[in-house]
2 protein chains.
Amino acid sequence: MDFERADALNQAIRHLTLRHRARAAALLAPLDLHPGQEVLLLELARTGPMIQAKLSEALGCEPPSVTLMARKLEAAGHIRRKPAPSDRRASVVELTDSGTALAGRIKQLWSTLAEETVTGLPAETVAALPGILMTIADNLDTRRPHQHSQHPPA
Amino acid sequence: MDFERADALNQAIRHLTLRHRARAAALLAPLDLHPGQEVLLLELARTGPMIQAKLSEALGCEPPSVTLMARKLEAAGHIRRKPAPSDRRASVVELTDSGTALAGRIKQLWSTLAEETVTGLPAETVAALPGILMTIADNLDTRRPHQHSQHPPA
DNA sequence: CGCATAATGTTATGCGCATAATGATTCTGT
DNA sequence: ACAGAATCATTATGCGCATAACATTATGCG
């Protein structure tokens, strides 16, 4: 690919990244949350209590990041950590009542953000977008080599 | 928009963000650069010497970020800062020979990255992608209120 | 069983990015 | 001409994210 097109693409991704995060930060600020933390709460709300290693995989970031985010969310009273019953290394993380309530509010902000995001795009583009972006993310994933499976493994 | 679709979109954007940055970091590491710095060098290579305020606008990040990145790139010998002739507040930033050479290498990595990014996507999607992403970034932009100069391709 | 290896979580450190506050200049309105 | 507002750059601080090094516990294999 020639540099012009490559640069246009990379730069578009960069700006998208910065603006999406900035807009998320603005929406989350009234809840006293920083971007990144909301994903942890949403994941717990979706899947239920889980160990930090699983959280790390679900969020797509490394364990030390989870440690720090969890510590802050715990200090804020939104999550709780307790020893895993069958593994004394691990901690099970779960939502508190406060965290559950917060997750509900986040879901609404999340919809607002998504609507703002796709404003002005044709419906078919909007429909195709998540798949396209997931493919791209998968192409760039260095942890799991590279496979694109829409269906859960048998 | 219902939460399912909103979440799919936001999560896709998040993962795209993390992976694109991680892949860029891996490609830039041999050059002793961190992601973000390469954009500064490319902008100087494209547009020529400029004031830091202009750089800040071009990179889409805030002036303090530019100050720190520029300091490190200057320490590495890739850029040079000198007082602006007609404004004693400002500093003009320009590439050194080392920085110019480095920009050339970055351009190649940039093409590699873009190719990896769009692997497996149909050509028409690849062609439309930069426009779509720019529209999205523009939708989310809080600095410039709300103006998209070019509409997405038909 | 015992021991090497893997997995879980933590601390330490570093970078990019942000906002807020500060010090210098330059610009503007009257 | 001058006071006040806007602009340029910097420092301080905080967060998310990363990697590296470490201690603790699980596990697989001889």
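In what follows, every chain begins at residue 1, and chains take the letters A, B, ... in the order their sequences are listed.
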Let me check I have this right: for DNA chain D, each base becomes ., (, ), [, ] or |, based on Watson-Crick or G-U pairs with both distances under 3.5 Å. What is the full string? ||||||||||||||||||||||||||||||
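When each of A:Val92 and A:Arg14 is assigned the nucleotide of DNA chain C bearing its nearest heavy atom, the one mapping closer to the 5' terminus is A:Val92.
Between the side chain of B:Thr135 and the main chain of B:Gly131, a donor-acceptor pair closer than 3.5 Å is present. Remark: the backbone N or O of A:Leu121 is not paired with any side-chain donor or acceptor of A:Thr125 at under 3.5 angstrom. Using modelled atom types, no side-chain atom of A:Ser111 and backbone atom of B:Ala6 make a donor-acceptor pair closer than 3.5 Å. When atom types are taken as modelled, the side chain of A:Arg19 and the backbone of B:Gly60 share a donor-acceptor pair closer than 3.5 angstrom.
Residues satisfying the side chain to side chain contact (heavy atoms under 4.5 Å, CB included) test with A:Arg89, not counting sequence neighbours, are A:Asp87. B:Thr96 is linked by a side chain to side chain contact (heavy atoms under 4.5 Å, CB included) to B:Arg80, B:Ser98, counting only residues two or more places apart in sequence or in another chain. For A:Gln52, the side chain to side chain donor-acceptor pair (under 3.5 Å) partners two or more places apart in sequence, or in a different chain, are A:Arg81.
Across the protein-nucleic acid pair, B:Asp87 atom CG and C:dA24 atom P stand 16 Å apart, rounded to whole Å. Taking atom CZ of residue A:Arg19 and atom P of nucleotide C:dC17, one finds them 10 Å apart after rounding to whole Å. Separating the CG atom of B:Leu18 from the P atom of C:dC17 is a distance of 14 Å, rounded to the nearest angstrom. Computed from coordinates, the A:Leu55 CG to D:dC17 P distance equals 12 Å when rounded to whole Å.
Dashed line: the shortest gap from a side-chain N or O of B:Gln52 to OP1 or OP2 of D:dT7 is not under 4.0 Å.
Within the 4.5 Å cutoff, side-chain heavy atoms of B:Val66 are placed close to those of B:Cys61.
Contacts between residues 67-83 of chain B and DNA chain C, defined by a heavy-atom separation under 4.0 Å, are made by B:Met69, B:Lys72. Across residues 20-44 of chain B, not one residue has a non-hydrogen atom less than 4.0 Å from an atom of DNA chain D. For the segment residues 101-114 of chain B, the set of residues with a heavy atom within less than 4.0 Å of an atom of DNA chain D is empty.
A donor-acceptor pair shorter than 3.5 Å can be found between the side chains of A:Asn10 and B:His20.
Pairs passing the salt bridge (Lys or Arg N to Asp or Glu O under 4.0 Å) check and including a residue from residues 102-112 of chain B, sequence neighbours excluded, do not occur. Within the structure, every pair that satisfies the salt bridge (Lys or Arg N to Asp or Glu O under 4.0 Å) test and touches residues 109-124 of chain B, not counting sequence neighbours, is listed here: B:Arg23-B:Glu116.
A salt bridge links B:Asp7 and A:Arg46; the closest N-O separation between the charged side-chain nitrogens and carboxylate oxygens is under 4.0 Å.
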Dump the pairs, protein N or O against N or O of nucleotides 19-24 of chain D, anything under 3.5 Å, distances to one decimal.
none

Solution key, residues 25-40 of chain A side-chain donor-acceptor pairs under 3.5 Å, sequence neighbours excluded:
residue : atom : partner : partner atom : Å
A:Gln37 : OE1  : A:His34 : N            : 3.0
A:Glu38 : OE1  : A:Gly36 : N            : 2.7

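Through direct or indirect side-chain contacts shorter than 4.5 Å among Ile, Leu, Val, Met, Phe, Trp and Tyr, B:Val92 is connected to B:Ile51.
Other residues, nucleotides and ligands contribute at most 12 non-hydrogen atoms within 6.0 Å of the CD atom of B:Gln108.
In terms of heavy-atom proximity, B:Ala12 sits nearest to A:Met134 at CB-CG, 4.1 Å.
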